[in-house]
Amino acid sequence: TQDYHFGLEEGEGISELFDCD
Amino acid sequence: LPQTPVRAAMSTIQQLMIILNSANDTPSDNLLFYFNNCTVNPHEVIVKRIENMGITFKNKFAEAVGQGCAEIGSQRYKIGVRLYYRVMESLLKSEEKRLSVHNFSKLLNNDIFHISLLACALELVMATYGTSRNASQSMKVETDLSFPWIINILDLKAFELYMIVESFIKAEPSLTREMIKHLEGCEHKIMESLAWQQNSPLFELIKQSKDREGQADEPEPANY
């Protein structure tokens with residue numbers, strides 16, 4: 001996965017992305 | 001041996017098979033544990049959705065590729081569902097560790113989360129087999145099944161798929177370089193054009209963030 005540009009910030013995950021935190 | 005397009009496609013398919021050989025067609029015990037921990041148990045709705053989407057996928061696949069290949073569509077869908085459950089479990093494990101939360105009721109009862117996760121898994125399966133199909137041209141294709149076909153038939157907004165891709169890649173370390181490159185390509189297509197189409201949820205998010213910024217700029221009322 002080293003080529004992939006991860007853009008999520010620290011503390012941002014699937015729960016925050018789908019407003020379910 | 002030199003890597004030819006067919007050989008590269010075959011190795012990706014083999015990798016997918018290896019990943020999914022031990023995966024389940026139905027939610028694993030770990031997933032059932034998470035479902036049972038939810039305030040509202042999502043198990044039945046999840047299984048029903050997979051059934052309904054299966055019918056849609058198979059019909060659309062047969063329409064696109066030819067009725068004679070309906071069974072192939074059925075197989076593709078089955079593989080996609082295995083990957084969907086496998087990545088869901090991995091996502092929940094990492095969220096559990098990150099947030100020290102065990103009740104994922106809101107997330108697991110969120111339709112968009114499930115449909116985007118399933119669409120991402122199916123897109124990967126379609127892309128993996130699609131390259132081999134192109135290489136062998138063995139099937140009559142009425143419609144191009146490459147991205148964004150899958151989000152159109154599942155009635156998913158492009159930006160909704162975009163939201164899951166990075167977490168999907170993080171959650172599934174066995175993805176090959178080709179698979180990751182493909183998903184990244186989908187992300188680029190979405191951000192370059194598809195996310196800016198009418199009714200895209202992106203516009204609402206931009207508005208919300210502007211509103212939040214606007215509130216931040218307003219001086220606080222004296223009574224604060």
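Note on naming: letters A, B, ... go to the chains in the order of the sequence lines (proteins, then strands), and numbering restarts at 1 for each one.
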ask   = Within a radius of less than 6.0 Å around CG of B/Asn36, do more than 12 heavy atoms belonging to other residues, nucleotides or ligands occur?
value = yes
ask   = Just wondering, are more than 12 heavy atoms of other shown residues or ligands nearer than 6.0 Å to CD in B/Glu44?
value = no
message = To the nearest 0.5 Å, what is the distance between CE on B/Met88 and CD1 on A/Ile14?
response = 11.0 Å
ask   = Near A/Glu9 CD, under 6.0 Å, is it more than 12 heavy atoms from other residues, nucleotides or ligands?
value = no
message = Tell me whether B/Lys60 at atom NZ has more than 12 heavy atoms from other residues, nucleotides or ligands lying less than 6.0 Å away.
response = no
query = So, the side chain of B/Glu95 versus the backbone of A/Gly13: is there a donor-acceptor pair under 3.5 Å, distance only?
reply = no
task = Take A/Phe18 and B/Ile164 through the test side-chain contact (heavy atoms from CB on, under 4.5 Å) and record every step on the way to the result.
result = CA-CA 9 Å; A/Phe18 286 89; B/Ile164 199 100; 3.8 Å; yes
note = CD of B/Glu166 to CG of A/Leu8, rounded to nearest 0.5 Å, is 3.5 Å
ask   = Taking 4.0 angstrom as the limit, do B/Arg98 and A/Glu12 come out as a salt bridge?
value = no
query = Which region of B/Thr176, side chain (C-beta onward) or backbone (N, CA, C, O), has a non-hydrogen atom less than 4.5 Å from a non-hydrogen atom of chain A, or is it both or neither?
reply = neither
request  = State, with a plain yes or no, whether a side-chain heavy atom of B/Ile169 is found less than 4.5 Å away from one of A/Phe6.
outcome  = yes
query = Just how far is it from atom CG of B/Leu175 to atom OH of A/Tyr4, taken to the nearest 0.5 Å?
reply = 11.0 Å
inquiry  = Counting neighbours of CZ on B/Phe33 that are heavy atoms of other residues, nucleotides or ligands and sit closer than 6.0 Å, is the number greater than 12?
reply    = no
ask   = Are there more than 12 heavy atoms of other residues, nucleotides or ligands under 6.0 Å from atom NZ of B/Lys181?
value = yes
